[in-house]
Trainee: 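Take this structure, written in structure tokens, and hold onto it; I'll ask about it next.
All figures in this text were calculated on a predicted structure; none of them were measured in a lab. Whatever order the structure lists them in is the order used to number ligands and atoms, beginning at 1.
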Amino acid sequence: MSSELPALYSLGIIGAGQIARMTHQAAVKLGITPRLLAEESDDSAALAAPDAVYSHPDAIAMFAESCEIITLEHERIDIGLLERLEEGGVCIRPGTRTLRAAFDKMHQRRVLLNRGFPVPAFAELRGPDDLMDFARKFNFPVVIKSIRSGRPGQRSVWIVETETEAMRVMSEQGHRELMAEDYQPIVKELVALVVRRPGGNCRNYPLAEVIQQEGAVHEIRSPAAVGHRVAAEAKELATRIANELEAVGVLAVELFLTTKGLVVNELAARPHNAGHVTIEGSPTSQFENHVRAVLDLPLGPTRSVAPATVTVNVIGGHDGIDPADHLGEALAVEGSHVHLYGKRPAPGSKLGHVTAMGDDLDQAREMARRAEAALMGRRHW
Ligand code: ADP
């Protein structure tokens with residue numbers, strides 16, 4: 001009997017953070033053990049996956065050779081390298097056509113604009129003159145963004161109110177490729193998750209709402225508290241974008257609901273933080289459906305299993321509290337689902353999340369917040 005695994009199961013994941021950790025867990029449930037390309041031995045998924053490959057990102061080509069299909073959990077990879085691998089026959093899912101749109105915000109904006117999708121006005125910033133031209137046309141505040149994703153925790157968006165502020169950001173971030181964007185009057189921040197198989201079969205998750213606190217995503221609510229028309233429009237936008245880009249796997253479409261309607265903020269061609277809510281909130285999580293899609297297996301149902309599901313992120317504070325030390329108190333909050341990523345506590349770092357379901361959003365939120373407060377050693381007001 002051959003000891004070789006069937007090719008279908010030879011899945012590699014580039015990256016070993018918490019997204020890879022949860023994707024790995026979902027694959028293991030299906031009897032598939034993906035290989036991982038970690039950057040550090042204490043990356044969240046590397047701690048959970050015994051055969052993680054600890055390596056410098058330069059080793060991507062070697063890693064790709066050892067897997068039949070590869071997928072990615074982050075955007076910090078040279079797209080040119082991936083394109084060369086794909087040309088050489090490596091099966092990358094989603095493919096580089098989709099990944100280029102997710103990795104490069106300028107390219108993304110151009111592609112979306114050309115296909116008629118609603119995006120904020122934007123311009124590439126080659127120097128201060130470009131910024132001043134943009135501000136003259138669209139007025140302050142102006143949003144300055146790094147065109148490519150930074151390292152985890154590295155800031156990539158600055159909302160500037162004045163010329164002086166804008167010049168300071170331009171000079172401090174001069175080493176990065178930057179773009180300007182028109183400031184949007186945001187009413188709600190939404191995420192439409194769609195998962196697509198290579199042949200085009202798609203499923204949509206219920207629209208989620210993202211609540212920010214101190215510049216970081218604090219809470220995810222599903223379904224988003226929006227009307228049927230907005231929810232249907234968001235679903236249709238996400239599906240059309242996934243089809244246009246021939247995405248495979250999860251495509252997360254971050255949307256702003258503005259006073260003028262829906263606008264696309266960003267695309268992520270991978271499971272998304274807002275989709276943690278699907279682990280308990282849907283019959284098939286975004287992670288499992290991502291694995292199914294990239295292996296071209298039938299997708300599972302994506303509907304909500306409860307009237308309301310809320311996920312609260314567990315973010316490291318300056319007090320150095322380790323949520324792992326308070327696991328018992330959090331697990332005592334019955335009905336909450338605790339996820340810890342095995343990371344060392346650091347201020348601002350996402351150490352885990354808690355999900356709870358309820359008859360309405362308030363009930364679900366209350367329970368998730370109680371468990372999160374317990375993890376962080378706080379009494380819940
Ligand atoms: P990141 O990739 O760092 O999450 P995003 O593009 O999602 O960057 O932006 C982060 C946050 O900045 C958004 O969630 C939103 O609150 C704000 N933001 C981004 N772009 C705009 C914009 N054009 N107008 C107003 N606010 C914006």
Trainee: List the atom of I19, the atom of H272, and the distance in Å for their closest heavy-atom pair.
Mentor: CD1-C, 4.1 Å
Trainee: Measuring from non-hydrogen atoms of K105 to any atom of ligand 1, is the shortest distance under 4.0 Å?
Mentor: yes
Trainee: Could you tell me which atoms of ligand 1, counted from 1 in the order shown, lie closer than 4.0 angstrom to a heavy atom of Y183?
Mentor: 24 (N), 25 (C)
Trainee: Among all the protein's non-hydrogen atoms, which is closest to atom 27 (C) of ligand 1, and how far away is it?
Mentor: F256 CZ, 3.8 Å
Trainee: Should the pair H339 and H353 be assigned to parallel (<30°), tilted (30 to 60°) or perpendicular (>60°) ring geometry?
Mentor: parallel
Trainee: Tell me the protein heavy atom at minimum distance from atom 26 (N) of ligand 1, and give that distance in Å.
Mentor: I186 CD1, 3.5 Å
Trainee: Which residue and non-hydrogen atom of the protein lie closest to atom 8 (O) of ligand 1, and at what distance in Å?
Mentor: V157 CG2, 3.3 Å
Trainee: Taking all atoms of both residues into account, what is the closest heavy-atom pair of R35 and S66, and its distance?
Mentor: NH1-OG, 2.7 Å
Trainee: Tell me the protein heavy atom at minimum distance from atom 7 (O) of ligand 1, and give that distance in Å.
Mentor: N265 ND2, 3.0 Å
Trainee: Are there over 12 heavy-atom neighbours, none belonging to E334, within less than 6.0 Å of that residue's CD?
Mentor: no
Trainee: Please determine whether the number of non-hydrogen atoms from other residues, nucleotides or ligands lying under 6.0 Å from atom CD of E214 exceeds 12.
Mentor: no
Trainee: If the contact criterion is a heavy-atom separation under 4.0 Å, does V217 count as touching ligand 1?
Mentor: no
Trainee: Give the atom numbers and elements of ligand 1 that come within less than 4.0 Å of a heavy atom of E181.
Mentor: 20 (N), 22 (C), 23 (N)
Trainee: Suppose we measure from atom 24 (N) of ligand 1 to each protein heavy atom; which comes out shortest, and what is that distance?
Mentor: Q184 N, 2.9 Å
Trainee: Pick, from N273, V210, I159, the option with the minimum heavy-atom distance to atom 17 (C) of ligand 1.
Mentor: I159
Trainee: For atom 6 (O) of ligand 1, what is the nearest protein heavy atom, given as residue, atom name and distance?
Mentor: K145 NZ, 3.0 Å
Trainee: Pick one: which of I60, I69, L82, I70 meets side-chain contact (heavy atoms from CB on, under 4.5 Å) with V90?
Mentor: I70
Trainee: Judged on heavy-atom distance to atom 11 (C) of ligand 1, which of E254, E75, Q212 sits nearest?
Mentor: Q212
Trainee: Applying salt bridge (Lys or Arg N to Asp or Glu O under 4.0 Å), can you list everything that pairs with K188, at least two apart in sequence or on another chain?
Mentor: E209
Trainee: Provide, to 0.1 Å, the distance between atom 14 (O) of ligand 1 and the closest protein heavy atom, together with that atom's residue and name.
Mentor: E189 OE1, 2.5 Å
Trainee: So which atom in A293 and which in P198 form the shortest heavy-atom distance, rounded to 0.1 Å?
Mentor: O-CD, 3.4 Å
Trainee: Could you tell me the residue and atom name of the protein heavy atom closest to atom 4 (O) of ligand 1, and the distance to it rounded to 0.1 Å?
Mentor: E266 OE1, 4.1 Å
Trainee: Could you work out, with ring-ring contact (aromatic ring centres under 6.0 Å, His included) as the rule, every residue matching F103, not counting sequence neighbours?
Mentor: none
